[in-house]
Amino acid sequence: MSPPRYASAPAPELAGRGLHRPVVVIGAGPVGLTCAIDLASRGVPVVVLDDDDTVATGSRAICWAKRTLEVWDRLGVGSRMVDTGVTWNTGRVFHGARELYRFDLLPEGGHRRPAFVNLQQYYVEEFLVDRAGDFPELIDLHWKSTVTDLAQADDGVCLTVESPHGAYAVDAAWVIAADGARSPTRTRMGLPFPGQRFEERFLIADVRMQAGFPTERLFWFEPTFHAGQSALMHRQPDDVFRLDFQLGPDADPELERQPDRVMPRVRAVVGADTPVTLEWCSVYSFRCARLERFVHGRVIFAGDSAHVVSPFGARGGNGGVQDADNLGWKLALVLSGRAPESLIATYDEERGRAADENILHSSRTTAFMTPRTGAERTLRDGVLALAAEVPFARALLNAGRLSRPCSLAGLSLQTPDAGPFPGGPEPGTACPDAPIIDVEGRPAWLLDRLGGPFTLLLFAGEDVPDLAPLAGLDLRLVVVSRTPLAVSSAETVHDPDGLAAARYAAAPGTAYLIRPDAHVAARFATPDPVAVAQALARAAGRSAATIREAA
């Protein structure tokens, strides 16, 4: 199936129209498109510039985590991703032919989304392009448009763009550089990209076959069918399977990607009699690196242009989508005048922590998979020898710590707990989902009521809570109760089994202040209006003086 090609329309600037764009996104990959859709969903006009006219070649990123799917749910494209993709929650780890253990990333029920969905990047990009088309007045997507120069001023950025219709200039208040690991924007601005390069080479192959392999993540250390130190297999849609083979640092990339070298490795896994065709392959090495700062004046870096990690653990694409989730609401508040420009600095603070966490996990995975010292080799061999029988060794075995949302606890936008809570998500944590019943008696999901604007999530008892003291705050109010309640000033949802209350460790009166990216900003045993107003001001990045005024 040929990938779609998108027409390149002339930019309005070519007609001499002096437009000032609120946001320009460079790069129409998963991260750039998610940024654009998020901003458009908040009413912010966006221009997206991409130097190509189609989606990614090859499957590239394929493993999309639960948190990423929840972000895409909020943006109206999650169901299409899940319905097309291959759902999985479990994985199995082998040493040679011996199974060491299996794991379940989502052992409990009552979640809308699975732990992971496997979906080729070209599908992801196509679905996001389609969704962007639902915002014709807000998203202006220009294909075959290459940024050739960039000049910053105190209040914006001027971009020079080459297109099939001619060169033109774009003036923007803010620019999001989502132009990939080799980011031309990063290079043009002369920004160092320090990190560590790993010399180990890996072969990645997409093959099409009808085979009975389970829908699980299968990982082998020292597999019997391959001379390298590791191999990995994932099922994808359309009867396509992804196989990764560790080749060693001295492998010749040009030689190893030849079909007559690739297919014997594939057949060693799938069997000599299984009909199989090679769809795409590549040989890669990787590095772990990040910009020291993600915000440079009015240019903001997101995704691989800001940070890169190894592909083991599915932290690259997922981390980039979560960059977009963190950034969109902050830019929207700043552009609307409802938050100071300094709020953008918290994107650097929060996503910098996430990048450091992902790089740490990625580096540890690489050290375990490709030990470089005698001590690392001894540790790995000992863990592999014990993992089948000894539970503590399984915690040390590292075949790629899989992507999880980063906690923002203790960072500047969160209000620390005033007292102990019996459990539940602490400030800075991504909100857990739970099944609920909506006001019309239909099954629904709690996360559909969170994200977007700031929200106060209040857990009620049998009586209607008094929300009058909260009137006037710039908040959406959502009341959760075990029995149906009617509250005129809030949206009410029914939690008949108490699962939402259990996941939030909520007693009657417990309240959570939820950020627009569905992270907890603060929580309260009772929703004191002054405390809520202070936490709201803090979560919007307002000054200490403003917070005192809120009191």
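Model, not experiment: these values are computed from the prediction.
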If you round to the nearest 0.5 Å, how far is [atom2] of [Y] from [atom1] of [X]?
X	Y	atom1	atom2	value
L75	R131	CG	CZ	7.5 Å
L119	R80	CG	CZ	10.0 Å
T455	Y512	OG1	OH	15.0 Å
L100	L386	CG	CG	10.5 Å

Distance-only side-chain donor-acceptor flag, [X] / [Y], under 3.5 Å:
X	Y	answer
D433	H111	no
S412	E349	yes
D438	H494	no
S79	R113	yes
N318	T68	yes

Taking 4.0 angstrom as the limit, do [X] and [Y] come out as a salt bridge?
X	Y	answer
D179	R186	no
D356	R353	no
D155	R298	no
R293	D348	no
R449	E491	yes
R482	E462	no
E99	R92	yes

For residues [X] and [Y], report the shortest heavy-atom separation together with the two atoms involved.
X	Y	result
L335	A173	CD2-CB, 4.3 Å
R290	E292	NH2-O, 3.1 Å
L291	S305	CD1-O, 3.8 Å
L485	T492	O-OG1, 3.2 Å
V520	C431	CG2-SG, 4.0 Å
W64	V124	NE1-CG2, 3.4 Å

| task | Give the C-alpha distance, both sets of side-chain angles, the deciding distance and a yes or no for salt bridge (Lys or Arg N to Asp or Glu O under 4.0 Å) between R338 and D474. | result | CA-CA 10 Å; R338 294 166 59 206; D474 187 14; 2.6 Å; yes

| said: Closer than 3.5 angstrom, by distance alone: can the side chain of Q414 be matched with the main-chain N or O of L408 as a donor-acceptor pair? | reply: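 Present.
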
| Any residue meeting side-chain contact (heavy atoms from CB on, under 4.5 Å) with T429, in chain and number order, not counting sequence neighbours |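 side-chain contact (heavy atoms from CB on, under 4.5 Å) list for T429, sorted by chain: S407, P425, E426.
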
| Are R60 and Y122 in a cation-pi contact, defined as NZ or CZ under 6.0 Å from the six-membered ring centre and within 45° of the axis? |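 Not flagged: R60 not positioned over aromatic ring of Y122.
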
| Between F421 and R523, is there a cation-pi geometry (under 6.0 Å to ring centre, at most 45° from the normal)? | yes

| What's the verdict on side chain to side chain donor-acceptor pair (under 3.5 Å) for N398 and T365, showing C-alpha distance, side-chain angles and the deciding distance? | CA-CA 6 Å; N398 194 336; T365 295; 2.7 Å; yes

Do the ring planes of [X] and [Y] sit parallel (below 30°), tilted (30 to 60°) or perpendicular (above 60°)?
X	Y	result
W88	H234	tilted
F301	H296	perpendicular
F454	W329	perpendicular

| request: Not counting sequence neighbours, list each pair that qualifies as a salt bridge (Lys or Arg N to Asp or Glu O under 4.0 Å) and has a residue in residues 511-520. | output: E350-R515, R515-D517

